[in-house]
J.: 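One structure coming up, written as structure tokens, with questions to follow.
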Amino acid sequence: SESQHDYNVYHSLEEIQSWMFEMNRTHPDLLDMFSVGKSYEGRPLYVLQLGKRGHPHKKAVWIDCGVHAREWIGPAFCQWFVKEGIASYQDDSVMRRLLDQLSFYIMPVFNVDGYHFSWTTDRFWRKTRSKNPKFHCRGVDANRNWKVKWCDEGASSHPCDDTYCGPFPESEPEVRAVAKFLRKHKKRFRAYISIHAYAQMLLYPYSYKYATIPNFSCVELAAHNAVTALYSAYGVKYRYGPASTTLYVSSGSSIDWAYRSGIPYAFAFELRDTGYFGFLLPESLISPTCTETMRAVTAIASGLLKKC
Amino acid sequence: RLYNNRYAGDQVFRITPGSDEDVRVLKDVLEHVKVDFWQPNSASLIGPNATVDVHVKRGDTRGLRARLKQEHIDHQVFISDLQREIEKQTGNRSSRQRR
């Protein structure tokens, strides 16, 4: 049941999906669960819509976690965000205003096949689990497979590489399903947020080129406010800026695709840490990591309700 | 043991190439050892004074350490036994319970 779900531990895919069904059952006023499609191995791609039911064309924020299988803190954060959203709707005026005025579409596990594989077989699997009969290596980097400057600098065209871009853009059913959903509702989406690990960074477009986005000053302000809010929790410092200069150039990324699709605010979080535990962030750090990231995401969302 | 103990003895190195020459040498060294790039995501993204975290198989740790020492490239081990760290991450929950 919901009360038994422990948000301070990592959960398997099955546990996360059971939790989603349970949350959807017990909070029909704030939650709605649906699937945007199926993964390569046929698993449903579940999304939770969090927010007070209201006008069908409410502005929306998309948050996906678990694009890269081994980055387990991502799915942990998505669960945390839903739990906090619901728990604080009544008493926290900021959260109530956000959920009254925005819909949050939360995808706790984007790469469902890869995540399951990282639990059962290879803890450090990154890619999807698609097969290409011509090659023995499996999987595509789901953050190099989006139809934006696809398979250019910072991505690999070799199927055995961890940054393999895939045989063609949106070749991965998981990417295609999310892209199709976002395309269909793009007028409503004000922000796209993708949760990754590790490096402690907040990144925004562009990844594929050294250039300044047209609404740079607003996005930079939103990022600044977000990392300031994050710092206020435990004093953890995040770097922020365009992905191409703050991290490195890479093509076919989801934030560039979202931005080019017309979503004005697109961010990728690289959560804790900076290389002490790396992907093996202990469960004891789930709470502080998710608490501080919660502040950053709500800061971004609050900014969407103001004019910039 | 989780993952059938497949990560026992594996390590994660943090390598910091200081100069462009270090970068060139490091890329060459890592061409000959099968490592899993944690950060950045691939050898092509290695740059001077940017840390490189790589997962090194048990059988390759000694050789890689010797090569890095020989090339005077700054490095340290930030996870000395990956299997132990993996087991620590999810506490004492049995793999069956996890699965």
Side-chain angles (χ1 to χ4, degrees), chain A residues 6 8-15 68 70-73 76 116-127 141 143-144 153-156 158 160-165 196-201 244-250 253 270 273-286, chain B residues 1-8 10-16 23 27 30-31 34-58 74-99:
Chain A
D6 186 347
N8 292 286
V9 299
Y10 295 108
H11 288 280
S12 68
L13 181 64
E14 293 87 348
E15 289 166 346
H68 293 133
R70 59 192 180 189
E71 300 167 13
W72 286 7
I73 188 63
H116 179 71
F117 192 70
S118 75
W119 267 73
T120 57
T121 310
D122 183 341
R123 175 63 189 78
F124 302 108
W125 189 258
R126 166 184 168 90
K127 301 191 282 185
D141 183 339
N143 206 23
R144 300 294 188 276
E153 190 179 345
S156 167
H158 195 296
C160 294
D161 284 349
D162 252 359
T163 52
Y164 175 45
C165 56
H196 293 254
Y198 59 93
Q200 295 181 186
M201 291 180 180
S244 54
T245 50
T246 311
L247 193 54
Y248 38 67
V249 169
S250 73
S253 74
E270 292 278 356
D273 58 15
T274 54
Y276 187 78
F277 293 107
F279 301 122
L280 297 176
L281 200 73
E283 291 178 324
S284 57
L285 292 181
I286 289 176
Chain B
R1 303 303 302 268
L2 290 177
Y3 303 97
N4 298 318
N5 210 31
R6 68 183 275 184
Y7 300 104
D10 287 9
Q11 297 186 330
V12 178
F13 284 27
R14 164 151 287 187
I15 307 168
T16 310
V23 167
K27 283 182 179 177
L30 293 178
E31 278 278 328
K34 183 141 178 48
V35 294
D36 172 22
F37 279 87
W38 279 25
Q39 204 179 58
N41 298 142
S42 65
S44 64
L45 299 169
I46 294 176
N49 298 310
T51 54
V52 177
D53 300 339
V54 287
H55 164 190
V56 184
K57 288 273 177 228
R58 176 177 55 208
D74 182 39
H75 64 282
Q76 58 176 331
V77 175
F78 88 63
I79 294 180
S80 55
D81 188 300
L82 214 46
Q83 185 72 29
R84 191 176 57 233
E85 210 57 38
I86 284 172
E87 312 231 337
K88 265 171 62 183
Q89 178 178 46
T90 49
N92 55 11
R93 287 197 319 270
S94 72
S95 56
R96 178 174 297 284
Q97 193 183 9
R98 278 179 62 225
R99 235 195 321 277

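Naming convention: chains lettered A, B, ... in sequence-line order (proteins, then strands); numbering from 1 in each chain.
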J.: Just how far is it from atom OG of B:Ser42 to atom CZ of A:Arg144, taken to the nearest 0.5 Å?
T.: 7.5 Å
J.: Taking heavy atoms only and a threshold strictly under 4.5 Å, list by residue number the residues of residues 45-54 of chain B that touch chain A; give 'none' if the list is empty.
T.: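 Listed by number, the contacting residues are B:Leu45, B:Asp53.
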J.: Identify the two heavy atoms, one from B:Pro40 and one from A:Tyr248, that lie closest to each other, and give their separation to 0.1 Å.
T.: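 Smallest heavy-atom distance, with atoms named: CB-CE2, 3.6 Å.
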J.: Of all the heavy-atom pairs spanning B:Gln39 and A:Ala199, show the shortest one and how long it is.
T.: NE2-CB, 3.4 Å
J.: Name all pairs fulfilling the salt bridge (Lys or Arg N to Asp or Glu O under 4.0 Å) condition that reach into residues 76-86 of chain B, sequence neighbours left out, sorted by first residue then second.
T.: B:Glu85-B:Lys88
J.: Test of understanding: with side chain to side chain contact (heavy atoms under 4.5 Å, CB included), list the residues that count as partners of A:Asp122, not counting sequence neighbours.
T.: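 Testing A:Asp122 for side chain to side chain contact (heavy atoms under 4.5 Å, CB included), a comparison that skips the adjacent residues, returns A:Phe117, A:Phe124, A:Trp125, B:Arg6, B:Tyr7.
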J.: If you count the non-hydrogen atoms of other residues, nucleotides and ligands that lie under 6.0 Å from NZ in B:Lys27, is the total more than 12?
T.: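 Result for NZ/B:Lys27: enclosed.
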J.: Tell me, for A:Thr163 versus chain B, whether the close heavy atoms (under 4.5 Å) come from the side chain, the backbone, both or neither.
T.: side chain
J.: Contact part of A:Thr274 toward chain B, heavy-atom cut-off under 4.5 Å: side chain, backbone, both or neither?
T.: backbone
J.: Looking only at non-hydrogen atoms, find the nearest pair between B:Trp38 and A:Phe277 and report the distance.
T.: CZ3-O, 3.9 Å
J.: Nearest heavy-atom pair of A:Arg123 and B:Gln89: which atoms, and what distance?
T.: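 Answer, listing the atom of A:Arg123 first, then B:Gln89: NH2-OE1, 3.3 Å.
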J.: Is A:Arg70 salt-bridged to B:Asp36, going by a charged N under 4.0 Å from an acidic O?
T.: yes
J.: Out of A:Leu281, A:Asp162, A:Asp161, return the one with the most heavy atom pairs under 4.5 angstrom to chain B.
T.: A:Leu281
J.: Sequence neighbours excluded, which residues qualify as side chain to side chain donor-acceptor pair (under 3.5 Å) partners of A:Arg126?
T.: A:His68, A:Asp141, B:Asn41
